[in-house]
Amino acid sequence: MTYLLKIMLQSRGIVAFEINITAIEATKKLSQNRDTKNYQNIILELEKTE
């Protein structure tokens, strides 16, 4: 089987679709099982990204 034929056969399995987004729920999750010093460092680094 040639490369082009293989690509053509595989492309039959590609299906296009659209999704309508109705809501976005954003959350920030701090790492679990950390001490206070680590939490403060995480908060400082997250604040730098805003």
- line: Apart from Tyr3 itself, its cluster of hydrophobic side chains linked below 4.5 Å comprises Ile7
- prompt: Which other residues end up in the same hydrophobic cluster as Met8, if Ile, Leu, Val, Met, Phe, Trp and Tyr are linked when side-chain heavy atoms come under 4.5 Å apart?
  reply: Leu4
- request: State, with a plain yes or no, whether a side-chain heavy atom of Ile42 is found less than 4.5 Å away from one of Glu45.
  value: no
Which donor-acceptor pairs under 3.5 Å do the side chains of residues 12-24 make with protein atoms, sequence neighbours left out?
none

- prompt: Going from CD1 on Ile43 to NZ on Lys48, what distance comes out if it is rounded to the nearest 0.5 angstrom?
  reply: 13.5 Å
- prompt: Going by atom types only, do Asn38 and Asn41 share a side-chain donor-acceptor pair under 3.5 Å?
  reply: no
